[in-house]
2 protein chains.
Amino acid sequence: MPKCNCENNNLDMINQIKKDMVNDEVVFDLADFFKVFADSTRIKIISVLLKSEMCVCDIATILDMSQSAVSHQLRVLRAGRLVKYRKEGKSVYYSLDDDHVKTIIDQGYSHISH
Amino acid sequence: MPKCNCENNNLDMINQIKKDMVNDEVVFDLADFFKVFADSTRIKIISVLLKSEMCVCDIATILDMSQSAVSHQLRVLRAGRLVKYRKEGKSVYYSLDDDHVKTIIDQGYSHISH
DNA sequence: TTTTCATATGAACAACTATTCATATGTTTA
DNA sequence: TAAACATATGAATAGTTGTTCATATGAAAA
């Protein structure tokens, strides 16, 4: 089955690892989860929400972005279950809805500042 | 400056958060870091390397992928400084090169299995 | 040295994604 | 009720990304 002759990798080991591989669907879900963090706009939105609950318009103001662009990205954050929201009058207030978010962001910072 | 009347967000607060916002370049770097995790192929490669150092060909065999596709993705992992490699004869052995990798993957799993 | 093998890489293409623009929805105020 | 406001969303577009195919590089074997 292996096409090469990497001398330290025997067939048994390869077959074992292949068998132990995580289910494809789980891997896709995990990749989708990280995709949420893989955009600078969404990271900025998360950064703002780490400081305070905030309405869409104020997020747009702080980030110098259009209301539409922010709303589209909040939709992605919602789909990823990273934010929750509450409606109050005409406004919608978003806030973080996951304990892992800060941890993951911090791990990321920790890495890039090697 | 704020275009809306979200009553609990005053101008001072908005300006303060705006001023405290992380530098754009850092945010881009952070997004780029998470982009590395935002692909199922790369997550699979990382999963394999979490178990053992491995040559390119064996990774391709385990994941049922072309050598070229794996090599291209290893390049991305290398650029993100997530893997290191050593050459031995004709083969190149890759392994994980960052303590945060397992932590971040685990955090991800922790989230998606809510 | 020539061939074979393991890996890397450039170009091309298809699929995906973020933003913009226009508009819809739903709430409050006049 | 009509107008104004805050947010959401669909369509279109530009930019990005992952894979394939062909080929290059570099090392070992014949």
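Chain letters run A, B, ... following the sequence lines, proteins first, then strands; residues in each count from 1. Computed from a predicted model, the values in this text were never measured in an experiment.
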| field | Interatomic distance, A:Met54 CE vs D:dT7 P [rounded to whole Å] | value | 12 Å
| field | Partners passing side chain to side chain contact (heavy atoms under 4.5 Å, CB included) against B:Tyr109 (at least two apart in sequence or in another chain) | value | A:Val22, A:Val26, A:Leu30, B:Ile105, B:Ile112
| message | Nearest whole Å is fine: how far is D:dA6 P from A:Tyr93 OH? | response | 10 Å
| task | Check the angle between the aromatic planes of B:Phe34 and B:Phe37 and answer parallel, tilted or perpendicular using the 30° and 60° thresholds. | result | tilted
| said: Taking 4.0 Å as the cut-off, does a side-chain nitrogen or oxygen of B:Arg75 come that near to OP1 or OP2 on C:dT9? | reply: yes
| request: Mind telling me whether B:Tyr85 and B:Tyr94 have parallel, tilted or perpendicular rings, with 30° and 60° as the class edges? | output: tilted
Interface polar pairs with nucleotides 28-30 of chain D, N/O, under 3.5 angstrom:
none

| request: State whether B:Arg78 places a side-chain N or O below 4.0 Å from either non-bridging phosphate oxygen (OP1 or OP2) of C:dT9. | output: yes
Identify each atom pair where a protein N or O and an N or O of nucleotides 16-25 of chain C are less than 3.5 Å apart, giving names and distance.
residue, atom, partner, partner atom, Å
C:dA18, OP1, A:Arg42, NH1, 3.2
C:dA18, OP1, A:Arg42, NH2, 2.8
C:dA18, OP2, A:Arg42, NH1, 3.4
C:dT19, OP1, A:Thr41, OG1, 2.6
C:dT19, OP2, A:Gln73, NE2, 3.0
C:dT20, OP2, A:Ser66, OG, 3.3
C:dT20, O4, A:His72, NE2, 3.2
C:dC21, N4, A:Ser68, OG, 2.7

| query | CG of B:Leu77 versus P of D:dT17: gap in Å, rounded? | reply | 14 Å
| message | For A:Lys44, is there an ion pair with B:Asp24 - N to carboxylate O distance below 4.0 angstrom? | response | yes
| task | Give the rounded distance in Å between these two atoms: CZ of B:Phe28 and C1' of D:dG15. | result | 13 Å
| field | Any side-chain heavy-atom pair of A:Leu50 and A:Ile46 under 4.5 Å | value | yes
| query | Taking OH from A:Tyr94 and C1' from D:dA6, how many angstroms apart are they, rounded to a whole number? | reply | 11 Å
| Is the backbone N or O of A:Cys57 less than 3.5 Å from a side-chain atom of A:Thr61, with the two atoms forming a donor-acceptor pair by type? | yes
| message | I'd like to know if the side chain of A:Gln16 pairs up with that of A:Asp12 as donor and acceptor (distance under 3.5 Å, no hydrogens or angles considered). | response | no
| Check: A:Gln73 main-chain N/O paired with A:Arg78 side-chain donor or acceptor under 3.5 Å | no
